[in-house]
Amino acid sequence: MGDVISANLDEGKREVITARTSAVMAEFGRFYEQQYAVALFNSVRYEIEGGGNTQTQLLHRKEPLKNKSIFSGGLFQYLEESKKWRSRFLYVGDSYNISLYESKAAHDRGIHSKGVINCAGYRALTSMEEYLGLLNNSLGDTKAKSASAPFLKCPTQFPLILWHPYARHHYFCVMTEKEQKKWHAVFQDCVRHSNNGLSEECKVATPAFTDALRLYRQAKGHYGTWDMMCGNQAQILANLVMETLHPELKNLIVPRLKGKLQQRQKDWMLISDAVYRQVLSQTKTQHEALAQVCEMERPRLDSALRTDMDQIITSKEHVSGKIRALVSPRIEQLVRSKVQPYIHSILEALMEPTSRGFSEVRDILFRELVEVSKNTMNDSSKEKLGEHMDKISMLAFHPVKMQNCYEKMEALNLEGLQQRCDVSSPSVFIQRAQILMRQQMDNAVHTFEQLVHQSLDGHSGEDLCKTIQRCQDRVLKKYDYDSSTVRKKFFREALLQIIIPYMLKQLSTSCSPDLPKFKELIFEDFSRFILVESIFEEAVLQSVSKDIMMAVKEAAVQRRHNLYRDSMVLTNSDPNLHLLGEDTIDWAGQFGGVKGETQGGEVTNRKRKQIVSMIQLDGVPLPYESCQEVPGVDGIPEENEGQREQDLETEKPVNPVQQVPIEKEPGSPESVTEIRDLINPVLEVVEKDSSQLTNRMLPLEEGDEVKHITTVTEIVSRESPKKVEGELDATQIERALEEQQCVSAIESAIQQIEIAIQEDPGEHLSEGAIDSDGEFAQTSKNSSPLHHDDSGFQSPANENVEEVEPQPDTGDEVVDAEQVMLTLVEGVKTSIDLDAKATCDASEKKTEVETTADRCLL
């Protein structure tokens, strides 16, 4: 790998990359310094004059993911260095960066991770065909086919690939489709969050950066949206450099690569990643230096603005009037002929999937809140309520539950505008709408939490259920209003992002040459805060904003897609709502007594509460599933081994989940045997050593009463057929089966004798002996070693019986404890043959039965 990179990226090429990056950063720096002063002017002016933002009905929390983690689990990763698949434990924290560990134990011990993946600019793929198509397009080889074999083989049928146009690709795989869907949702959420890397809290730096970037690209002839505006400032600038540098290097290096198509693809990816890492390191350093220079100059600019704000505003309005007088006729003509006819169609294309997505958010919110209400009706304790509230507190950041909402927005289709309005991809609008869906869901859940928490004191169980339902209705109404407001704002911004670049491109040739002459009307002291290019763009923006506002207003008046009119303002509907807290409520800590462990004031990663639950298939434990500990490296299938092991695994029967024994709670006896045991308790005596007994007599304590004695000889069953085959030969097995059959026949005979004795010991004794003879012969033919008749009693004459259950004696006589004799049999081996049983003398059996009966009647 290092040879490929060093051979194609020598010192000369690396110097060219460094020089190109420095040139781009220097040109961008001039735009950034200009826009920084303009953004500071707008911020101070807004602060002084104030703005009329619409007051939201739902509350917003500052740090929703504090002390939380998104997901963690085990899967397989393909390593470029060893060309093998290895198990890895992935941890996704509140920063949405993916940390890779050797195992879960390594993560729990706090060992440094093997690597961290920032998903900005990536795409999460689940199909090898889709990946090969993107790979062939990036290589630019006309001979490549989308169906060509990849350079790696996935050991399972469920791959997960993180693809980037410039950076290194990451390959994962899982064992089941359920795992694949969950991990894909998690990866998509990581990409979505990482792409939204610019903080909206920075009222000066963020607008200055975005405007400088837009002006830089417009100077290069790119007016439309840019789908690589992903990540933080350094990543966006690295993408900006690679936008022009990457094609040049590809044309220079790819023709020199040797080997088959798969090998050339692999080598080019490694080279592209090395170039991207070099550019990213340089853009990060230079942007930090640029931002530091502007921040150091900010106090001086801020002081000048506050001193001369009135004069600066007057001067800007004067110049704006002059510019509008010149460009307004051209702008109005362009709007009437090429913009107005398409506003409604663009708006309809935006409203349909966006409204479906927000409607799905409301449905999921409603189902979760109803579930809380139902659970509260079943158990109205505060501990149980705290448990349910803790589960839904992070609903907005659950990528699996929110996936249906996000998929509704994926249907956005702006194909007709991509060429006309220079819209490169609808992904910019899709991800923005998905971020807004997540924010609205979190605001609604947070508002519900605050309302319920405020109403907990002094309410009984029944009142608590009613209170939760009232809070639910209030939150849903507020969500409907805020959802309408947020969507209308999103529609206006999206229309402006689509139309304004198109108009600027059409007007640039006719209006741009006339703008420099207006710089003479600006005082030199105010020239940093007033730019003629910015005034021209504001004039274009104002000219089309009126038409856009009218189109959105008409859609609201017609009640299309559940949009509210602007006149419907819920002012002071909840005057005390915004007095509630903005922090996340610790339901588990307050009501469940569970608090995270802290180290140095911060909750450790391994103790943080995880939002997404682990993956567990019903009844099917998988060895490498993310819900379980990741296996060792020695047990991981390689490229060819993995497929064979998977095929063998599918042929094997699925093992059931290991059952945990459940102890039966004590209750009333349900059978006759249990009732008899309660009346006449049975004492079990286990003979471990026969030498402990004196003359085979068992001493009894004073007061003990014996009504019945049964001797049981227990034979341990064989563990497995394989073990028996290893220990016994065929003759021993046959002999054991014969012994079992004989024993079963004797047990059956004794059972009949016992019944006869219980009816009339004196009169039916002979009949019992004769009947037992017939029953003995009949039962011996159908007896089986696997099924024993455990009924009957044990007598000295039948010492070879193995297992007998005690039968209660129905006689009225009490047995004298001194005359009781206990017979224990140890190591009995019977030699009764099945053929000899039929010829047994009836008189001998009668004598044995009489002896047994006499002893039982003592």
Side-chain angles (χ1 to χ4, degrees), residues 23-42 207-226 229 236-237 240 243-244 312-313 315-343 417-424 428 493 495-524 526-548:
V24 173
M25 289 299 299
E27 188 175 357
F28 171 81
R30 290 191 293 270
F31 286 105
Y32 184 79
E33 291 177 354
Q34 294 176 359
Q35 295 302 315
Y36 189 88
V38 175
L40 182 61
F41 165 72
N42 294 331
F209 182 86
T210 55
D211 290 340
L213 184 68
R214 177 176 51 80
L215 292 173
Y216 175 86
R217 298 190 76 249
Q218 287 180 4
K220 303 298 180 181
H222 304 291
Y223 284 86
T225 59
W226 188 38
M229 191 172 175
I236 295 174
L237 292 174
L240 184 65
E243 187 178 21
T244 56
I312 296 174
I313 294 175
S315 177
K316 181 180 179 179
E317 291 178 352
H318 175 70
V319 177
S320 298
K322 298 291 185 180
I323 294 177
R324 287 195 187 93
L326 176 65
V327 300
S328 291
R330 308 172 190 175
I331 295 175
E332 292 176 359
Q333 181 181 2
L334 179 64
V335 169
R336 288 194 302 268
S337 60
K338 296 185 179 180
V339 174
Q340 285 182 350
Y342 301 98
I343 291 180
L417 301 173
Q418 292 183 2
Q419 296 180 354
R420 179 177 182 83
C421 298
D422 197 12
V423 178
S424 59
V428 177
E493 292 177 351
L495 287 172
L496 290 175
Q497 284 183 290
I498 295 173
I499 295 174
I500 295 299
Y502 169 75
M503 295 182 63
L504 292 176
K505 185 176 182 180
Q506 298 295 323
L507 296 171
S508 60
T509 55
S510 59
C511 298
S512 296
D514 299 332
L515 295 179
K517 65 180 180 181
F518 293 101
K519 294 181 180 179
E520 301 176 356
L521 303 177
I522 304 172
F523 292 105
E524 184 177 357
F526 305 153
S527 60
R528 294 203 60 180
F529 309 112
I530 304 174
L531 301 178
V532 294
E533 293 82 6
S534 299
I535 295 175
F536 170 69
E537 291 183 358
E538 291 177 1
V540 176
L541 177 65
Q542 293 175 2
S543 65
V544 73
S545 295
K546 182 178 180 181
D547 297 307
I548 292 176

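Counting from 1, the numbers follow the sequence of the chain as shown. Only a predicted model underlies this, so the values are computations on that prediction, with no experimental measurement involved.
Heavy atoms only, all atoms of each residue included: I522 and S315 are closest at CA-OG, 4.4 Å. Looking at every heavy atom in both residues, L515 comes nearest to V532 through O-CG2, 3.9 Å. Between P513 and P516, the shortest heavy-atom contact is O-CD, 3.4 Å. Taking both residues in full, the closest heavy atoms of K316 and I530 are given as N-CD1, 3.7 Å, listed atom of the first, atom of the second, then distance. When all heavy atoms of R528 and E33 are compared, the closest pair comes out as NH2-O, 3.8 Å.
In this structure the side chain of F518 never reaches within 4.5 angstrom of the side chain of I535, judged on heavy atoms. Put simply, the side chain of V38 does not reach to within 4.5 Å of the side chain of D211, judged on heavy atoms. No side-chain heavy atom of E538 sits less than 4.5 Å from a side-chain heavy atom of I323. In this structure the side chain of P501 never reaches within 4.5 angstrom of the side chain of T225, judged on heavy atoms. Side-chain contact between Y342 and L495 is absent, with no heavy-atom pair separated by less than 4.5 Å. At least one side-chain heavy atom of L213 sits less than 4.5 Å from a side-chain heavy atom of L240. Residues I499 and I343 are in side-chain contact: their nearest non-hydrogen atoms beyond the backbone lie under 4.5 Å apart.
Classification of the F31-Y216 ring pair by plane angle, with boundaries at 30° and 60°, yields perpendicular. The aromatic rings of F523 and F526 lie perpendicular to each other, with more than 60° between the two planes, well past the 30° mark.
The distance from the CD1 atom of I331 to the CZ atom of R324 is 9.0 Å, given to the nearest 0.5 Å. Considering CG of L40 and CD of Q35, their distance stands at 12.5 Å, rounded to 0.5 Å. In this structure, L541 CG and S534 OG are separated by 12.0 Å, a value rounded to the nearest 0.5 Å. Here CG of L215 is found 13.0 Å from CZ of R30. Values are rounded to the nearest 0.5 Å. If you take CZ on R336 and CG on L334, they are separated by 10.0 Å, rounding to the nearest 0.5 Å. The distance from atom CG of L507 to atom CD of E537, rounded to the nearest 0.5 Å, is 11.0 Å.
Between R217 and E243 there is a salt bridge, since at least one side-chain N of the basic residue sits less than 4.0 Å from a carboxylate O of the acidic one.
In this structure a side-chain-to-backbone donor-acceptor pair under 3.5 Å is present from S543 to V540.
Partners of A39 according to the side-chain contact (heavy atoms from CB on, under 4.5 Å) rule, which considers only residues two or more places apart in sequence or in another chain, are V204, P207, A208.
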For this session: List the steps, then state whether side chain to side chain contact (heavy atoms under 4.5 Å, CB included) holds for W226 with I236.
Result: CA-CA 10 Å; W226 188 38; I236 295 174; 3.9 Å; yes
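With ring centers used as reference points, F209 lies under 6.0 Å from F28.
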